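Here the structure comes first, spelled out in structure tokens, and everything after it is commentary.
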Amino acid sequence: MKAVELEKAYNPKEFEDRIYQEWKEKGEFAPRKDAKGEHFSIVMPPPNVTGILHMGHALNNSLQDIIIRYYRMTGRPTLWVPGTDHAGIATQNVVERELKKEGLRRQDLGREKFLERTWRVKEKHHDIIKRQLEKMGCSCDWDHERFTMDEGLSRAVREAFVSLYEKGMIYKGKYLVNYCPKCGTALSDDEVEYENTPGKFYHVKYPYADGSGYIIIATTRPETMFGDTAVAVNPDDERYKDVVGKELLLPLTDRRIPIITDQFVDKEFGTGMVKITPAHDPNDWECGKRHNLEVINILNPDGTLNENCPEKYRGLEAVEARKLVRDDLEKEGYLVKEEAYNHDVGHCYRCHSIIEPYLSDQWFVRMKDMARLALDALKKGDVVFYPKRWENTYVHWMETIKDWCISRQLWWGHRIPVWHCASCGKEIVSREDVTECPDCKSKDVKQEDDVLDTWFSSWLWPFSTLGWPDKTEDMEKFFPTSTLVSAYDIIFFWISRMVMSSEEFLSKAPFKDIVITGLVRDIQGRKMSKSLGNGIDPIAVIDQYGADAMKFTLCYMAAQGQDVLIDMNSFKMGSRFANKIWNATRYLLQNIEGRNLVEIKEESLSTFDKWIYSQFNDAALEIGKAMKNYRFNDAANAVYSFFWNDFCDWYIEESKARLFSGSDEEKDLVVSILMDILEKSMRLMHPFLSFVTEEIYQKLPNHKGDVIVAKYPEYDEKYSYPEEKKKVMALQDVVKSVRASRSSLQIPPEKKLKVVVRFTKDFAASTLLEEEKKFISTLVGASELVIDKDGKESVEGALPESGTGYECFTFVRDAINVPEEIKKLEKEISKAEDDLRKTNSKLSNENFIKNAKKEAIEKEKGKKAEFEEKILKSKAHIELLKRI
RNA sequence: GGAGGAUUAGCUCAGCGGGAGAGCGCUUGCCUUACAAGCAAGAUGUCACAAGUUCAAUCCUUGUAUCCUCCACCA
């Protein structure tokens, strides 16, 4: 074979983009035709087309990529569906912000022009997102890419809407909804974020209409008083028993309102008297319905006070109006007092403005029945959360579910498929566009202006992307999907609703395993956000360290749904590992010059050969288990320690002796084994470090095809060599302890010492090659290394060390610092005596002997013997030292 | 008010009923026929606190403290 030259430095930029293009061109991401077994499919949580991907996306997609690559390599039919979400409010906001800079409003453009422009913005962002996913190395099938507003998905949305409507599960009505004046639209309850905000608690006099005095109410929002239609007290409140039914004169107006009773009033809170504003407070709204109160809306859609308020306040925003009302109340002597008061105020999750409860016509979906289906799916085990604790969150949400407000007063989105006939007033709900009234045949039909909540398309994602409502081949082959990977912040918005829709429309759970990842935070544990400026751009990470480094690092840190705290330096970890892989390969490929690959027969394997195969086998087993349980950090750990600690630090080092001084035959065998392990390692590591393993794989003399579709290594009993494993572990301990002794005794490396090793009986049978002995000998700096099989070698005057499976003796007499060594030994003795005391107390404990597992007792006895021996030996050693 | 999580080396975090771990950082020595982005050795821990269960607790139970997240309520 010819040597293969690798670039001196690991430089991912050289090959990452190129390899991605090659994979794409070869169609490696598409489901394989020769795949066998149960399908494995994932739908990518669609990123919003508003922005660029952040670290959270990087984590999420890295894990999905690892999973899908792993299953692809196991030979199962796999599909990873990518796509993007139109993100109604967010995207519309982006475009409106742009317009604002040009001094325009969306109304100036008109619906059609505005949408054209939004599509262009969508295209732009979509392209950026796609490029980012490609840079990360995501092996999703781009031929299956979908967008929540593309034709097929729009059809799915209509199908879902109409079908729910026909079942009576969609209704329209005037309701008090969360309304964002800035975005100009209603929001669902889940889209409101409550924040503790400093405010004032105003105590205000409301005089009796008959002039006989006044009562005092307490409020944080005096400006809403123009919408008051009653004042309520608790029916059991003795203080106000006599005033119930009396009329009050609403200050600053000439309206009269009654005093009523309602259970919801808390006697202890404030003055025990509450102003009731049905149009602007959810509790008051309910109360108003109970008492048939008049509902007075005092706000315009833009959040300013409307014509139902006295003229001087009209057109003011709530916060400004509040100040003015407060001043006026004070001027007129109604304001009793005001106190500082912090309370939770709802904010828009998109633009962060204060949410107003607002009375308007909206569409709703009845959720109770679907929630029951979704709960059953969990109970039956059709969906399983990893980690399990998120099931509580899911259950709680399902059990306390409220109807879902699905209409949004936006232009960007799926327009509600409902038409109204101007002639006969018929409401037409249709899967197809309507141009004529089916009843009166009038052409004067008009579609609803509002669009649907973005999540109304996202909740269909696992099947709409596969072609539903049609019975497609993809649905047949890949539905239900296997695993969903998502962060915990959208369990309500998205995950729960997908289970509901899938159960409702397909009577099946949309996926089996739900993997909940943590959030990516900065090193201080803060959420990454634009305003803090603490975000890390995945592309910047890739530029600096490479996509493999990013993916591996995230995987290594993604433990059990815990939040991931990182900064730019964190990625050095993955980068160093990729570099290590590169350099190990570079070295190995330099040394295949003139060698031949030969058949590797079991009988010709040495102790270290068997050991490395065994370690590889263990790693494959460990990774398989970890992947099955979505324990990504465990998998990454297994990969890392196998390749670096076992293969590089021990096996390659050991092989050098054989590689540089053996016979041609021996050299061929060693190279063959090295290449075999290297080739297998690339397959083992490919899901975690995809680019560097592919780049290397292509250069290996024994590679077949592309590693991306190569067979994933599996645990194989035949490669399990427990004896050799124990033996090499013992040797490693010998090396460590001799080195440690040398170090603590300050014996310089160039000072060669004789070392005698005795294995305990278990390993006496298997022999070490001369080269293996030579290797160990070099590591410990031995002038002579004696493997003392029958214990006949004299160890008189040597420093004894012992550990599991071995004893070793180092002849250190010449180079030793006696007093210090004695001190050290005395310390060891006292520690061993402590340990022995503990062990003895256990062994003399009747209960322990009675109840403990046999192995535990045996182990304890072993420990006792070990400690006793240690003490004896150390004492003997001290004696020895004293004689020197 | 309800639920959940966290508390382990200087930092970021794994582990989890029977002898305290990784990465980074730190100290020391090494350019050992790939890798100084490396190799080797080393130091640092009442595993938050208290009680209980157990033959045995960092791990299980209960309580306490501190921090975080979510949900609900808030005139």
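Chain naming here is simple, since letters A, B, ... match the order of the sequence lines and numbering starts at 1 in each. Predicted model, so just to flag it, every value in this text is computed and none were measured.
Across all strands, A/K850 comes closer than 4.0 Å to no nucleic acid atom at all (heavy-atom distances). Using a 4.0 Å heavy-atom distance criterion, A/F552 is classed as making no nucleic acid contact. Among the protein residues, A/F577 comes within range of no part of the nucleic acid, since none of its heavy atoms lies under 4.0 Å from any strand. Note on A/D281: only backbone sugar-phosphate atoms sit closer than 4.0 angstrom, heavy atoms only; bases stay farther off.
Here A/F660 counts as stacked on B/U33: its ring centre is under 5.5 angstrom from the base ring centre and the planes meet at under 30°.
Per the geometry, CD1 belonging to A/I490 stands 19 Å off P belonging to B/U69, to the nearest Å. The nearest whole Å value for the distance from the OH atom in A/Y587 to the C1' atom in B/A36 is 18 Å. The CG-P distance, from A/N579 to B/C39, rounds to 10 Å in whole Å. Put simply, NZ on A/K572 is 18 Å from C1' on B/A22, counting in whole angstrom units. Between A/D266 atom CG and B/G1 atom C1' there is a gap of 13 Å when expressed in whole angstrom units. We find that CG of A/N196 is positioned 13 Å from C1' of B/C73, with the value rounded to whole Å. In this structure, the CZ atom of A/F571 is 18 Å from the P atom of B/G23, given to the nearest Å. For A/F643 and B/A34, the CZ to P distance is 16 Å, given to the nearest whole Å.
For the P atoms, the distance linking B/A48 with B/U58 amounts to 10 Å, nearest Å. The same atom, C1', is picked in B/G42 and in B/G52; the two are 40 Å apart, to the nearest Å. Nucleotides B/G45 and B/G29 place their C1' atoms 26 Å apart, quoted to the nearest Å. Across the P atoms, B/U44 and B/G10 are found 11 Å apart, a figure rounded to whole Å. Between the C1' atoms of B/G19 and B/C47, the separation comes to 15 Å (whole Å). Taking atom C1' in both B/A51 and B/A57, the straight-line distance is 13 Å, to the nearest Å. Across the C1' atoms, B/C35 and B/A20 are found 31 Å apart, a figure rounded to whole Å. Here, B/G17 and B/U28 have their C1' atoms 39 Å apart, quoted to the whole Å.
Within the model, atoms NE2 of A/H347 and CD of A/E193 stand 9.5 Å from one another, a figure rounded to the nearest 0.5 Å.
Stem analysis of RNA chain B (Watson-Crick or G-U pairs, both distances under 3.5 Å, runs of at least three) returns B:1-7 with B:65-71, B:10-13 with B:21-24, B:26-30 with B:38-42, B:48-52 with B:60-64.
A cation-pi arrangement is present between A/K656 and A/Y587, with the terminal nitrogen or guanidinium carbon under 6.0 Å from the aromatic centre and inside a 45° cone about the axis. In this structure, A/K205 is positioned above the aromatic face of A/Y214, its NZ or CZ under 6.0 Å from the six-membered ring centre and within 45° of the axis.
The number of heavy-atom neighbours closer than 6.0 Å to CD of A/E339, taken from other residues, nucleotides and ligands shown, is above 12. No more than 12 heavy atoms of other residues, nucleotides or ligands lie within 6.0 Å of CE in A/M729, so this atom counts as exposed by the packing criterion.
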Could you check A/R521 against A/V564 for side chain to side chain contact (heavy atoms under 4.5 Å, CB included), going step by step and ending with a plain yes or no? CA-CA 6 Å; A/R521 295 168 181 279; A/V564 175; over 6 Å; no

Criterion ring pair (Phe, Tyr, Trp, His ring centres under 6.0 Å) on A/F201 and A/F269, from CA distance to verdict: CA-CA 11 Å; A/F201 207 27; A/F269 195 85; 5.6 Å; yes

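Annotation: of the two residues near RNA chain B, A/L588 and A/W650, the 5′-most nearest-nucleotide partner is A/L588. Summary of the strand contacts: A/M573 and A/H343 both lie near RNA chain B, and taking for each the nucleotide with the nearest heavy atom, the more 5' one is attributed to A/M573.
A/R239 places a side-chain N or O within 3.5 Å of a backbone atom of A/K267 that can act as its donor or acceptor partner.
By the side-chain hydrogen bond (donor to acceptor under 3.5 Å, both in side chains) test, A/Q562 pairs with no residue at all, sequence neighbours left out.
Distances shorter than 4.0 Å separate none of the side-chain N or O atoms of A/R576 from OP1 or OP2 on B/C35.
A donor-acceptor contact under 3.5 angstrom links the side-chain atoms of A/K580 to the base of B/C35. Side chain A/D649 to base B/C39: no donor-acceptor pair is found below 3.5 Å.
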If a protein heavy atom is under 4.0 Å from the base, mark B; if only from the sugar-phosphate, S; if neither, -; do that for nucleotides 3-15 of chain B going 5' to 3'. -SSS-----SSSS

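Checking B/G23, B/C71, B/C35 against every side-chain atom of A/E653, the shortest atom distance belongs to B/C35.
Ring geometry for A/Y556 against A/F552 counts as tilted: the plane angle lies between 30° and 60°, on a 0 to 90° scale. Using cut-offs of 30° and 60° on the angle between ring planes, the pair A/W397 and A/F492 is parallel.
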